[in-house]
*Asks:* 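Below is a structure I'd like to ask you about.
All values below come from the heavy atoms of this structure, side chains included, with hydrogens, waters and symmetry mates left out. Computed from a predicted model, the values in this text were never measured in an experiment.
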Amino acid sequence: AQSVTQLDSQVPVFEEAPVELRCNYSSSVSVYLFWYVQYPNQGLQLLLKYLSGSTLVESINGFEAEFNKSQTSFHLRKPSVHISDTAEYFCAVSETGGFKTIFGAGTRLFVKA
Amino acid sequence: SQTIHQWPATLVQPVGSPLSLECTVEGTSNPNLYWYRQAAGRGLQLLFYSVGIGQISSEVPQNLSASRPQDRQFILSSKKLLLSDSGFYLCAWSEGYTGELFFGEGSRLTVL
(Lines give C-alpha, C1' and ligand atoms only; values in the text may rest on other atoms or scores of the structure.)
Protein backbone atom coordinates (compact mmCIF):
# COMPACT_ATOMS: atom_id res chain seq x y z
CA ALA A 1 0.00 0.00 0.00
CA GLN A 2 1.18 3.49 -0.73
CA SER A 3 1.83 6.18 1.86
CA VAL A 4 2.85 9.84 1.89
CA THR A 5 4.95 11.74 4.40
CA GLN A 6 5.07 15.51 4.52
CA LEU A 7 8.01 16.34 6.69
CA ASP A 8 6.94 19.80 7.84
CA SER A 9 3.58 20.56 9.42
CA GLN A 10 4.12 24.33 9.29
CA VAL A 11 6.46 26.51 7.24
CA PRO A 12 6.64 30.23 8.05
CA VAL A 13 8.43 32.33 5.45
CA PHE A 14 8.79 36.00 4.59
CA GLU A 15 7.26 37.43 1.45
CA GLU A 16 9.51 37.19 -1.65
CA ALA A 17 11.66 34.51 -0.02
CA PRO A 18 12.03 31.03 -1.58
CA VAL A 19 10.25 28.06 -0.09
CA GLU A 20 10.41 24.27 -0.31
CA LEU A 21 7.70 21.96 1.00
CA ARG A 22 8.94 18.42 1.32
CA CYS A 23 7.11 15.24 0.37
CA ASN A 24 8.24 11.63 0.39
CA TYR A 25 6.17 8.67 -0.67
CA SER A 26 6.26 4.92 -0.37
CA SER A 27 4.92 2.49 -2.95
CA SER A 28 5.83 -0.88 -4.39
CA VAL A 29 4.60 0.07 -7.87
CA SER A 30 4.82 3.06 -10.16
CA VAL A 31 2.86 6.11 -9.09
CA TYR A 32 1.27 9.36 -10.08
CA LEU A 33 2.05 12.31 -7.80
CA PHE A 34 0.11 15.47 -6.98
CA TRP A 35 0.19 18.67 -5.00
CA TYR A 36 -3.10 20.19 -3.92
CA VAL A 37 -3.74 23.53 -2.22
CA GLN A 38 -6.50 24.30 0.25
CA TYR A 39 -7.61 27.76 1.32
CA PRO A 40 -9.55 28.12 4.61
CA ASN A 41 -12.93 26.40 4.68
CA GLN A 42 -12.68 25.34 1.06
CA GLY A 43 -12.15 22.14 -0.85
CA LEU A 44 -8.81 21.21 -2.39
CA GLN A 45 -7.60 22.46 -5.75
CA LEU A 46 -5.02 20.71 -7.89
CA LEU A 47 -1.78 22.70 -8.03
CA LEU A 48 0.32 20.41 -10.20
CA LYS A 49 0.75 16.77 -11.12
CA TYR A 50 3.28 14.27 -12.36
CA LEU A 51 1.87 11.47 -14.51
CA SER A 52 4.78 10.68 -16.83
CA GLY A 53 7.44 12.34 -18.96
CA SER A 54 9.49 15.23 -17.63
CA THR A 55 10.21 14.88 -13.94
CA LEU A 56 9.93 18.65 -13.41
CA VAL A 57 6.38 19.94 -13.46
CA GLU A 58 5.18 23.51 -13.06
CA SER A 59 2.01 25.32 -12.06
CA ILE A 60 0.63 28.51 -13.58
CA ASN A 61 1.37 30.53 -10.43
CA GLY A 62 5.09 29.83 -10.20
CA PHE A 63 5.27 26.62 -8.16
CA GLU A 64 7.27 23.65 -9.40
CA ALA A 65 7.90 20.12 -8.19
CA GLU A 66 10.41 17.50 -9.20
CA PHE A 67 9.79 13.77 -9.18
CA ASN A 68 12.86 11.96 -7.84
CA LYS A 69 12.32 8.23 -8.17
CA SER A 70 15.54 7.18 -6.43
CA GLN A 71 14.73 9.29 -3.37
CA THR A 72 10.96 8.69 -3.64
CA SER A 73 10.37 12.40 -3.27
CA PHE A 74 8.20 15.07 -4.87
CA HIS A 75 9.19 18.34 -3.20
CA LEU A 76 7.32 21.55 -3.99
CA ARG A 77 9.27 24.77 -4.54
CA LYS A 78 8.66 28.40 -5.32
CA PRO A 79 11.51 30.91 -5.79
CA SER A 80 9.55 33.89 -4.43
CA VAL A 81 6.35 33.58 -2.40
CA HIS A 82 3.48 36.04 -2.04
CA ILE A 83 1.13 36.71 0.83
CA SER A 84 -1.61 35.10 -1.26
CA ASP A 85 0.29 31.77 -1.20
CA THR A 86 -0.66 31.35 2.45
CA ALA A 87 -2.64 28.10 2.51
CA GLU A 88 -2.34 24.43 3.35
CA TYR A 89 -0.58 22.23 0.82
CA PHE A 90 -1.15 18.51 0.44
CA CYS A 91 1.03 16.00 -1.34
CA ALA A 92 -0.79 12.96 -2.72
CA VAL A 93 0.06 9.69 -4.46
CA SER A 94 -1.94 7.33 -6.63
CA GLU A 95 -0.72 3.97 -7.87
CA THR A 96 -0.89 3.72 -11.64
CA GLY A 97 -3.97 1.80 -12.69
CA GLY A 98 -5.52 2.19 -9.26
CA PHE A 99 -8.49 4.13 -8.00
CA LYS A 100 -7.24 5.37 -4.65
CA THR A 101 -5.39 8.62 -3.98
CA ILE A 102 -3.64 8.84 -0.62
CA PHE A 103 -2.78 12.18 0.98
CA GLY A 104 -0.11 13.38 3.33
CA ALA A 105 -0.92 15.22 6.56
CA GLY A 106 -0.47 18.60 4.92
CA THR A 107 1.93 21.52 5.33
CA ARG A 108 0.62 24.89 6.39
CA LEU A 109 2.51 27.64 4.55
CA PHE A 110 2.35 31.00 6.25
CA VAL A 111 3.79 33.93 4.31
CA LYS A 112 4.65 36.97 6.42
CA ALA A 113 5.00 40.56 5.21
CA SER B 1 -17.84 21.69 -17.89
CA GLN B 2 -17.96 19.41 -14.89
CA THR B 3 -19.14 20.61 -11.49
CA ILE B 4 -19.51 19.00 -8.11
CA HIS B 5 -22.01 20.02 -5.47
CA GLN B 6 -21.91 19.01 -1.84
CA TRP B 7 -24.41 19.78 0.90
CA PRO B 8 -25.07 20.82 3.55
CA ALA B 9 -22.06 23.07 3.97
CA THR B 10 -22.35 23.15 7.75
CA LEU B 11 -24.07 20.78 10.12
CA VAL B 12 -24.31 20.62 13.93
CA GLN B 13 -25.75 17.37 15.24
CA PRO B 14 -26.16 15.79 18.69
CA VAL B 15 -24.44 12.54 19.57
CA GLY B 16 -26.57 9.59 18.54
CA SER B 17 -28.44 11.39 15.77
CA PRO B 18 -28.40 10.24 12.11
CA LEU B 19 -26.37 11.82 9.32
CA SER B 20 -26.80 12.25 5.60
CA LEU B 21 -24.34 14.19 3.44
CA GLU B 22 -25.00 14.38 -0.28
CA CYS B 23 -22.76 14.91 -3.27
CA THR B 24 -23.71 15.29 -6.92
CA VAL B 25 -21.47 15.57 -9.98
CA GLU B 26 -22.63 17.18 -13.21
CA GLY B 27 -21.18 17.21 -16.70
CA THR B 28 -19.62 13.75 -16.73
CA SER B 29 -20.75 10.14 -16.71
CA ASN B 30 -19.56 7.12 -14.73
CA PRO B 31 -17.16 9.07 -12.53
CA ASN B 32 -15.21 7.51 -9.69
CA LEU B 33 -16.57 9.02 -6.48
CA TYR B 34 -14.89 9.49 -3.12
CA TRP B 35 -15.58 10.56 0.45
CA TYR B 36 -12.66 11.90 2.49
CA ARG B 37 -12.60 13.19 6.05
CA GLN B 38 -10.21 15.91 7.15
CA ALA B 39 -9.32 16.28 10.82
CA ALA B 40 -7.01 19.02 12.04
CA GLY B 41 -3.37 18.10 11.52
CA ARG B 42 -4.17 14.69 10.12
CA GLY B 43 -4.54 15.29 6.41
CA LEU B 44 -7.25 13.64 4.39
CA GLN B 45 -8.44 10.18 5.30
CA LEU B 46 -10.08 8.19 2.52
CA LEU B 47 -13.37 6.80 3.83
CA PHE B 48 -15.14 5.33 0.80
CA TYR B 49 -14.82 5.19 -2.94
CA SER B 50 -17.07 3.97 -5.72
CA VAL B 51 -16.30 3.04 -9.31
CA GLY B 52 -19.93 2.46 -10.31
CA ILE B 53 -23.56 2.42 -9.20
CA GLY B 54 -24.00 0.23 -6.14
CA GLN B 55 -20.25 -0.46 -5.89
CA ILE B 56 -18.80 0.84 -2.61
CA SER B 57 -15.35 0.19 -1.19
CA SER B 58 -14.76 1.00 2.46
CA GLU B 59 -11.31 1.99 3.61
CA VAL B 60 -11.77 2.52 7.34
CA PRO B 61 -14.04 0.50 9.69
CA GLN B 62 -16.39 2.90 11.43
CA ASN B 63 -20.02 3.73 11.98
CA LEU B 64 -20.33 5.52 8.65
CA SER B 65 -21.67 4.09 5.40
CA ALA B 66 -21.87 5.25 1.80
CA SER B 67 -24.28 4.63 -1.02
CA ARG B 68 -24.39 5.43 -4.73
CA PRO B 69 -28.03 5.25 -5.77
CA GLN B 70 -27.40 7.01 -9.11
CA ASP B 71 -24.42 7.34 -11.42
CA ARG B 72 -23.47 10.83 -10.26
CA GLN B 73 -24.80 10.82 -6.69
CA PHE B 74 -22.83 9.77 -3.64
CA ILE B 75 -24.26 9.80 -0.12
CA LEU B 76 -22.48 9.49 3.23
CA SER B 77 -24.63 8.30 6.13
CA SER B 78 -24.61 7.31 9.75
CA LYS B 79 -27.35 5.87 11.91
CA LYS B 80 -25.85 7.19 15.17
CA LEU B 81 -23.17 9.86 15.26
CA LEU B 82 -20.22 9.79 17.65
CA LEU B 83 -18.23 12.75 18.92
CA SER B 84 -15.27 11.43 16.91
CA ASP B 85 -17.26 11.84 13.68
CA SER B 86 -16.76 15.61 13.83
CA GLY B 87 -14.66 16.92 10.96
CA PHE B 88 -14.60 18.35 7.47
CA TYR B 89 -16.00 15.93 4.91
CA LEU B 90 -14.97 16.26 1.29
CA CYS B 91 -16.54 14.63 -1.72
CA ALA B 92 -14.45 14.23 -4.86
CA TRP B 93 -14.65 12.69 -8.31
CA SER B 94 -12.17 11.45 -10.88
CA GLU B 95 -12.10 9.97 -14.34
CA GLY B 96 -10.15 6.92 -15.39
CA TYR B 97 -7.03 5.81 -13.57
CA THR B 98 -4.87 8.92 -13.18
CA GLY B 99 -5.91 9.56 -9.60
CA GLU B 100 -6.46 13.26 -10.25
CA LEU B 101 -9.32 14.37 -8.03
CA PHE B 102 -11.82 17.22 -8.27
CA PHE B 103 -13.20 18.27 -4.90
CA GLY B 104 -16.43 19.76 -3.65
CA GLU B 105 -16.45 22.64 -1.21
CA GLY B 106 -16.78 20.39 1.83
CA SER B 107 -19.25 19.84 4.67
CA ARG B 108 -18.24 20.77 8.20
CA LEU B 109 -19.84 18.45 10.74
CA THR B 110 -19.79 19.21 14.45
CA VAL B 111 -21.13 16.53 16.77
CA LEU B 112 -22.00 17.79 20.26
*Asks:* Please check if atom CD1 in A:I60 has more than 12 non-hydrogen atoms from other residues, nucleotides or ligands closer than 6.0 Å.
*Replies:*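 Atom CD1 in A:I60 is not crowded, with 12 or fewer foreign heavy atoms closer than 6.0 Å.
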*Asks:* At a 4.5 Å cut-off on heavy atoms, which part of A:F99 comes close to chain B: side chain, backbone, both, or neither?
*Replies:*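 It is both, since atoms from each part get that close.
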*Asks:* Side chain, backbone, both or neither: which part of A:L44 has a heavy atom under 4.5 Å from chain B?
*Replies:*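 Both backbone and side chain of A:L44 come within 4.5 Å of chain B.
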*Asks:* Is it the side chain or the backbone of A:Q45 that comes within 4.5 Å of chain B heavy atoms, both, or neither?
*Replies:*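 Nothing of A:Q45, per the 4.5 Å heavy-atom cut-off to chain B.
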*Asks:* What part of A:S94 is in contact with chain B, defined as an atom under 4.5 angstrom from a non-hydrogen atom: side chain, backbone, both or neither?
*Replies:*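 Answer is side chain: those atoms of A:S94 sit under 4.5 Å from chain B.
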*Asks:* Does NZ in A:K112 sit with more than 12 non-hydrogen atoms of other residues, nucleotides or ligands closer than 6.0 Å?
*Replies:*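 Atom NZ in A:K112 is packed in, count exceeds 12.
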*Asks:* So what's closer than 4.5 Å to chain A heavy atoms on B:L46: side chain, backbone, both or neither?
*Replies:*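 Contact with chain A involves the side chain of B:L46 alone.
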*Asks:* Below 4.5 Å from any heavy atom of chain A, which atoms of B:L90 appear? Answer side chain, backbone, both or neither.
*Replies:*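 Just its side chain gets close to chain A.
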*Asks:* Mind ranking B:L101, B:I4, B:N32 by heavy-atom pairs under 4.5 Å with chain A and telling me who comes out on top?
*Replies:*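 Most pairs with chain A among the choices: B:L101.
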*Asks:* Is B:F102 in contact with chain A via its backbone, its side chain, both, or neither, using a 4.5 Å heavy-atom distance?
*Replies:*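 The answer is neither part of B:F102.
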*Asks:* Does B:T28 use its side chain to pair, donor to acceptor, with the backbone of B:Q2 at less than 3.5 Å?
*Replies:*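 It does not hold such a pair.
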*Asks:* Which atoms of B:Q38 are under 4.5 Å from chain A, going by heavy atoms: the side chain, the backbone, both sets, or neither?
*Replies:*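 It is the side chain, since no backbone atom gets that close.
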*Asks:* With a cut-off of under 6.0 Å to the ring centre and 45° to the axis, is B:R37 in cation-pi contact with B:Y89?
*Replies:*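 Judged by the rule (NZ or CZ under 6.0 Å from the ring centre, within 45° of its axis), B:R37 is not positioned above B:Y89.
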*Asks:* Is it true that B:E59 and A:K100 have a side-chain N and a carboxylate O under 4.0 angstrom from each other?
*Replies:*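 A salt bridge links B:E59 with A:K100.
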*Asks:* I'd like to know if A:K49 and B:E100 make a salt bridge, using a cut-off of under 4.0 Å between side-chain N and carboxylate O.
*Replies:*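 B:E100 and A:K49: salt-bridged.
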*Asks:* Is A:R108 atom CZ crowded by more than 12 heavy atoms from other residues, nucleotides or ligands, each under 6.0 Å away?
*Replies:*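 No, because the 6.0 Å sphere around CZ of A:R108 holds 12 heavy atoms or fewer from other groups.
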